[in-house]
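Below is one structure; the comments refer to it alone.
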Amino acid sequence: MPICEALMAMLTIALSKGRIFDETLPLLAAAGIAPAEDPETSRKLIIGSNRADVRFIVVRASDVPTYVQRGAADLGVAGKDVLLEHGGEGLYQPVDLGIGRCRMVVAAKAGFDYEGALKRGARLSVATKYVMTAREHFAAKGMHVDLIRLYGSMELAPLVGLADAIVDLVSSGNTLKANDLVAMEDIMAISARLIVNPASLKLKRDSLQPLLDNIARNAPSAPGTADAPSAASARSRA
Ligand code: PRP
């Protein structure tokens, strides 16, 4: 087969390491696809599979939408948290997979009078890597906040006086608890979605559509599928 034809037929799946990868593997296995190497131990960024026409690229969680949007990957799996920050333009999002469930919350130090601060109209400083989501949330409440963008370990911010509160994901609640923080307000439920490049769907429909259908059928969110609660979160080193 000529190289351009082979590339046309090749399906590239963008995944991030960690929980999303772990929870996506069984869905791919049900579709007859298995990575050739474990991304946790391999240093390779492009990993083959048991099918000659399917390969994986291993990227940061927050980069998955960009690779798919620009067609460097045909499909991927990304948390709603990541998609909200990205904006989702140029992405077809056919299925909420129901994996990687967690919650996005406002949290602060135990004993912090969050409700009182809201009532007083106090201007809070809030540290987060979910700046778009946080901005929208507080704007909808009519609250003025100073958002401080961080890239990880948000829980530290209130402990060292960097911020009054954080907007972060909570799964087991262990990280909040270990740092004497409490969820003050629930923002939204988060889970991971299948995302697809719209041009790929047109050009590679014969191979892509059956795969999408198969993944959707076996996803925990599928009707009639046991919807076991997952302790894992949609995020993985976003
Ligand atoms: C996430 C999140 C919390 C933690 C919550 O961090 O930001 O820190 O997991 O999980 P828990 O409720 O089960 O304790 P992650 O490990 O993804 O790394 P990050 O700090 O880079 O976001």
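Please read these numbers as outputs of a predicted model, since none were measured by experiment. Whatever order the structure lists ligands and atoms in, that order sets their numbers, starting from 1. FYI, side chains are in, hydrogens and waters are out, and symmetry mates aren't considered; it's all heavy atoms of this structure.
Residue-ligand proximity, N174 to ligand 1, at heavy-atom distances under 4.0 Å covers atoms 12 (O), 14 (O). Atoms of ligand 1 lying under 4.0 Å from any heavy atom of E155, numbered from 1 in the order shown and given with element: 3 (C), 8 (O). Listed by number with element, the atoms of ligand 1 under 4.0 angstrom from any heavy atom of L169 are 2 (C), 3 (C), 5 (C). Under a 4.0 Å criterion applied to the non-hydrogen atoms of D168, ligand 1 contributes the atoms 2 (C), 3 (C), 7 (O), 8 (O). For ligand 1, the atoms sitting less than 4.0 Å from at least one non-hydrogen atom of G173 are 11 (P), 12 (O), 13 (O), numbered in the order shown with element in parentheses. Heavy-atom proximity to T175, at under 4.0 Å, picks out these atoms of ligand 1: 4 (C), 5 (C), 8 (O), 10 (O), 11 (P), 14 (O). Interface atoms of ligand 1 facing S172, defined by a heavy-atom separation under 4.0 Å, are 11 (P), 12 (O), 13 (O), 14 (O). Listed by number with element, the atoms of ligand 1 under 4.0 Å from a non-hydrogen atom of S153 are 20 (O).
V64 and L27 fall into different hydrophobic clusters, where Ile, Leu, Val, Met, Phe, Trp and Tyr are joined by side-chain heavy atoms under 4.5 Å apart, directly or via other members. Under the 4.5 Å side-chain heavy-atom criterion for Ile, Leu, Val, Met, Phe, Trp and Tyr, I33 and I57 are members of distinct hydrophobic clusters. There is no path of hydrophobic side-chain contacts, each under 4.5 Å, that joins I195 to M10.
Of the heavy atoms in V170, both backbone and side-chain atoms come closer than 4.0 Å to ligand 1.
For ligand 1, the polar-atom distance check against M154 finds no nitrogen or oxygen pair separated by under 3.5 Å.
The shortest separation from a heavy atom of K129 to ligand 1 is under 4.0 Å, placing the residue in contact.
With sequence neighbours excluded, the residues satisfying side chain to side chain contact (heavy atoms under 4.5 Å, CB included) with A107 are V105, I166, L176.
Remark: Y67 OH is loosely packed, at most 12 non-hydrogen atoms of other residues, nucleotides or ligands lying under 6.0 Å away. Within a 6.0 Å sphere centred on NZ of K44, other residues, nucleotides and ligands contribute 12 heavy atoms or fewer.
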Can you list, pair by pair, the side-chain donor-acceptor contacts under 3.5 Å of residues 88-96, counting residues two or more places apart and other chains?
unit_1 : atom_1 : unit_2 : atom_2 : d
D96    : OD1    : G98    : N      : 3.0
D96    : OD1    : S191   : OG     : 2.8
D96    : OD2    : S191   : OG     : 3.1

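Judged by distance alone, with hydrogens and angles left aside, the side-chain atoms of N50 form a donor-acceptor pair with the main-chain N or O of G32 at under 3.5 Å.
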